[in-house]
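If you read the sequence from its start, that first residue is 1, and numbering goes on from there. Whatever order the structure lists ligands and atoms in, that order sets their numbers, starting from 1.
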Amino acid sequence: MKKISILLFFSFALQAELKAEDGYRLWLRYDKISDPQKLSEYKRLIHGCIIEGNSSTIQVTKNELSIALKGLLGYDIPSSSLSTDGLIIAGTISSSPLIASLKLEDALKKVGDEGFIIRSMIVAGKKAIVIAANKDIGILYGTFNFLRVIQTQQDIKQLAIESSPKIKLRVLNHWDNLDRTVERGYAGFSLWDWHKLPDYIDPRYSDYARANASIGINGTVLTNVNANALILTPDYLKKVTALADLFRPYGIRVYLTARFSAPIEMGGLKTADPLDPLVKQWWKERAKEIYELIPDFGGFVVKANSEGQPGPQNYGRSHADGANMLAEAVQPFGGVVIWRAFVYDNNVPDDRAKQAFTEFKPLDGTFNSNVLVQVKNGAIDFQPREPFHPLFGAMPKTPLMIEFQITQEYLGFSTHLVYLSTLFKETLESDTYSKGAGSTVAKVIDGTLDRHQLSGMAGVANIGTDRNWCGHPFGQANWYSFGRLAWDHELSADQIADEWIRMTFSNNTTAIQPIKSIMLASRDIAVSYMTPLGLHHIMAWDHHYGPGPWIKDKPRRDWTSVYYHKADSLGVGFDRTSSGSNALAQYAPEIQNRYGSTETCPEKYLLWFHHVSWKFKMKSGKSLWDELCYHYSNGVDSMRWMRNTWNTVSSSVDEDRFKQVGTLLAIQENEAIWWRNACLLYFQTFSHMPIPTGLTLPDKTLDYYKKIEHPFAPGIGPKW
Ligand code: GCW
């Protein structure tokens, strides 16, 4: 009796576990289509599949298709011959005689190596859905796209899709240390289990690869840009090789960060001077060694002469000297060097926002052809809102790769729901005016504006060992958005949210509409309760969790908050016009004219570019002080709206995630209150003005907020 009840208990526990929505499956859930009409339509139109070819990429494609269709439709889809209607036929011209017979050459010419076409066609008298590509990887991408069509329950009767990526290198940057801590990581530890590699292959690695391939990500930088030379030793390279072998079928290339001083630390050389013949030789040998193990190794990513990292400037050489030396080493093997422009050196400049431009603009035209310069979306550091980085449009002779931060270092870690597509789009759509109106950041980085073959988009990953990968269930949407926008930056934030919600939560409009409205509003809400009207970098010291506008007296002025907001009795904001640091002069004249005056500067950037009197009259007619109070308060009120809106989806989404998100939103609301109170009390010590009547007054003292500490906030830990 006892035995039976124990058994029953276990089988229930197992069932419950099977049903639990723990977020592991991301947007690849493949649950059975819930709409009976759609289900029967799909069943009518899909009877089998023919996928010709036998590469490892074709193999993973077949697996994905069969797992997915079995889940979505509820039965095994047979591998068929051409005797019936309703076949999915996939392949390349060279691997599939059937595809070769369909005269798709002209269409395929347009989609390049990674693109694909999906078409409803008659093949040998039978109705079929054809997925064709030039290379096997296109078949995998096309298959994921086809599955997305079904997952989002679109019509499949007349399919006519042609798709190819607008950007060549679509790369995640993991700031993962070899001890498995993750710098600015809020989802547990690093996925890479270096200790057990290369022999133990965690099943998560292939799920990671599937997820990335499903959104077109084709590269992963495994290691932190604050790099450890150890990764270049033979033992570690074997571990890297195991990952590279596993990722290869999914079209994902592996990149490593190169510590500039590695020739000294590892090679026993006396110098890492990029012009020294022994140093050059040392890197050439390393490159050769790596490519022997990993023939499709992507290349090196380098953070040099920034935040204490070694670099060419230690030897009186330029960033271009450093980048070109490494570029020569990987060039024979088809590799690239991605050199970061996030630099600031030991001499604190008059305005940190200017430094990257000052150092890099003069180097335009001096980089080797296999170098990309990777530029953060804004000139300071992944703030909730920043104007686009002035380097975009300013280095036409160099392929610039954009770097976004998917992990929410400055946006509430994995506790706050902030959908980042809107932030990404805001930067991508910004007009640099570098070649007249319409010279958007997107056109700079996709290479079309200045005719570059190389192009890239990097996203600092928010992925870790948490069961749901990203910590916050909605963090997954930011990983998803990054990949989708790197593939096609013209997609809208709305469309991406729509797809993601359908695949991750539900196709039911009672879920989609409210969730989408939350997502689309969420970033502006976070800006309101954190850094409205152009305020920036006023987060708590070092870990950056929560408010810290009072931070001062640190080793560098530009590591303090007071440096960035410059509040005084007269007003608040950083004067970056000609009367101040003149960082504005780094932008095109059109931007300078518009942003240069307090009258025409968009209010969202007002305090970024101007030091403004507390009594300055805003467009609303309110004083700057009052406006600031309203922004902070609206941020908090919007959190209430967000929570109420989330509550409306209780019956449309699964209970597990409903509760989890609900709890996180409650924390977020409390923290929005924390932000509002702390910032208003602090800035009030300068404005000496009252919080407008009708707004909630802080219920604690400024001192109370100043004393809040989070000594164990995640994401800092040992750096290497
Ligand atoms: O945003 C800052 C982070 C550092 C990071 C640095 C960088 C990897 O606070 O943790 O270091 O940027 O981008 O190099």
Query raised in the report: Between Lys303 and ligand 1, does any nitrogen or oxygen pair lie at a separation below 3.5 Å?
Result: yes
Requested in this report: Decide whether a cation-pi geometry holds between Arg286 and Trp283; the criteria are a distance under 6.0 Å from NZ or CZ to the six-membered ring centre and an angle within 45° of the ring axis.
Outcome: no
**Report entry** Test: Lys238 cationic atom under 6.0 Å from Tyr236 six-membered ring centre, within 45° of axis
**Finding:** no
Requested in this report: Please check if any side-chain donor atom of Asn370 sits under 3.5 Å from a side-chain acceptor atom of Gln331, or the reverse.
Outcome: no
**Report entry** Geometric cation-pi criterion Lys166 and Trp487, 6.0 Å radius, 45° cone
**Finding:** no
Query raised in the report: Counting heavy atoms only, which of Gln383, Gln374, His537, Glu183 is nearest atom 4 (C) of ligand 1?
Result: Glu183
Requested in this report: For ligand 1, find out whether one of its N or O atoms is nearer than 3.5 Å to an N or O atom of His544.
Outcome: no
Query - Charged tip of Arg484 within 45° of Trp500 ring normal and under 6.0 Å - result: no
Requested in this report: Classify the contact between Gln405 and ligand 1 as side chain, backbone, both or neither, using a heavy-atom distance cut-off of under 4.0 Å.
Outcome: neither
Query raised in the report: Quick check: does Trp175 get an N/O under 3.5 Å from an N/O on ligand 1?
Result: no
Query - Under 4.0 Å to a heavy atom of Phe342 - the qualifying atoms of ligand 1, by number - result: 6 (C), 7 (C), 12 (O), 13 (O), 14 (O)
Query raised in the report: What atoms of ligand 1 come closer than 4.0 angstrom to any heavy atom of Asn226?
Result: 8 (C), 11 (O)
Query raised in the report: Under the 6.0 Å and 45° cation-pi test, does Arg180 pair with Trp192?
Result: no
Query - N/O separation below 3.5 Å, Arg184 to ligand 1 - result: yes
Query raised in the report: Which ligand 1 atoms, with their elements, are less than 4.0 angstrom from a heavy-atom of Lys376?
Result: 1 (O), 2 (C), 6 (C), 7 (C), 12 (O), 13 (O)
Query - Asp381: numbered ligand 1 atoms lying under 4.0 Å from its heavy atoms - result: 1 (O), 2 (C), 12 (O)
Query raised in the report: Would Arg204 count as a cation-pi partner of Tyr208, with NZ or CZ less than 6.0 Å from the six-membered ring centre and within 45° of the ring normal?
Result: no
